[in-house]
Q: 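Structure incoming, see below.
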Amino acid sequence: MTLEVDYGQQPREFAEAVRTLCRRHEEGWRHLPGDGFPEQTWQDLADIGFLGLAAEGTEVAGEIAAVMEELGGLGCPGPLWETVLATRAAAEPPADGIATVGTGGPLPWGHRATVFFALTDDGLWECEPVGEAVPTPMLTGELWAEVPLAPRRRVPDECGALALGDLALAAQLVGAGARLVRDAAEYVAGRHQFRRPLGDFQGVAFPLAEADIELAAARALTSRAASRLADGGADAARAARAAVLSAARAARTATYHTFQAYGAMAFTEEGGVAWYGRRIAQLRTQALTPYRRAAWTADVFERNSP
């Protein structure tokens, strides 16, 4: 089952251009030297105009969602959703540097960053470092950093920075999960047991179908959030929160059932499934912050109250 969701012609064309651009770097992303930061990819994304796109406002939410879904499916590393959030919060892309967002753990490439934000219990804050960055190895082999931060100003909700960041992260998770399910479906169609493709067995096919359905639902919520943001809807932030939490759950389901479909092959580094699974786990950790979950609970109670 696939629920078709289209962000529109212009976002689709932009996403296709980014996909073509990033295909040149895809194979090298798993073996980046040093701290794992994709230097050339980042420069290319800046040159094509994606890294500064959020400065135009929430009207470009469709383009951001479409491109982030492609980047998630390709497994592109880097502080992607963080840059979307920071660019909207500052109304311009980080000048000659990298933006990072703290969500309760190590900061993505915090030792490289020049712009710092933190998602705390009472919202999004622009911060400044007040201590030395301590590099920390992550699941994907990248080096992030523990950086002590001091808040400078609270970013107003009205600017849409957090909502755009939620949208970008949701689309990235959907793209990554869909890539896993798509690859797993091809794998079980071509691998045989008892003279039949693995995909013919209900115990293999049905869990992958469940994952595909969850991802389709998350993608529909992401598309709705993009539409609400582009239209300036009053419920846009709520829609973006729903999308990112749904995408986090759907990506987890996709990872679990994909690993089951591959069996032991999922844990080999050559196949790439383990690498994608670790990247999704890392993104989910950022998505499931206490602030997002508490805000969503408040949203539910507000809708159900008389």
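For reference, positions follow the sequence shown, starting with 1.
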Q: Do H257 and E210 meet the criterion of a side-chain donor-acceptor pair at a distance under 3.5 Å?
A: yes

Q: Write down the atom of V181, the atom of A211, and the distance for their closest heavy-atom approach.
A: CG2-CB, 3.9 Å

Q: Take R179 and E70 through the test salt bridge (charged side-chain N to carboxylate O under 4.0 Å, His left out) and record every step on the way to the result.
A: CA-CA 10 Å; R179 168 68 179 269; E70 285 291 343; over 6 Å; no

Q: Whether the E13 and Q9 side chains hold a donor-acceptor pair (N or O, under 3.5 Å, no angle test) is what I'd like checked.
A: yes

Q: Is it the case that E146 and T136 place a side-chain donor and acceptor less than 3.5 Å from each other?
A: no

Q: Does the plane of the ring in W144 sit parallel, tilted or perpendicular to the ring in W109? Use 30° and 60° as the thresholds.
A: tilted

Q: For the backbone of T103 and the side chain of T289, can you confirm whether one donor and one acceptor N or O come within less than 3.5 Å of each other?
A: no

Q: Please check: side-chain N/O of T253 versus main-chain N/O of R249, any donor-acceptor pairing under 3.5 Å?
A: yes

Q: Please check: side-chain N/O of R88 versus main-chain N/O of A161, any donor-acceptor pairing under 3.5 Å?
A: no

Q: Counting N and O atoms only, with roles assigned by atom type, does the side chain of T268 sit under 3.5 Å from a partner on the main chain of M265, one being a donor and the other an acceptor?
A: yes

Q: Indicate yes or no for a side-chain donor-acceptor contact from T100 to the backbone of P108 under 3.5 Å, with no hydrogens or angles considered.
A: yes

Q: Is the backbone N or O of L51 less than 3.5 Å from a side-chain atom of T87, with the two atoms forming a donor-acceptor pair by type?
A: yes

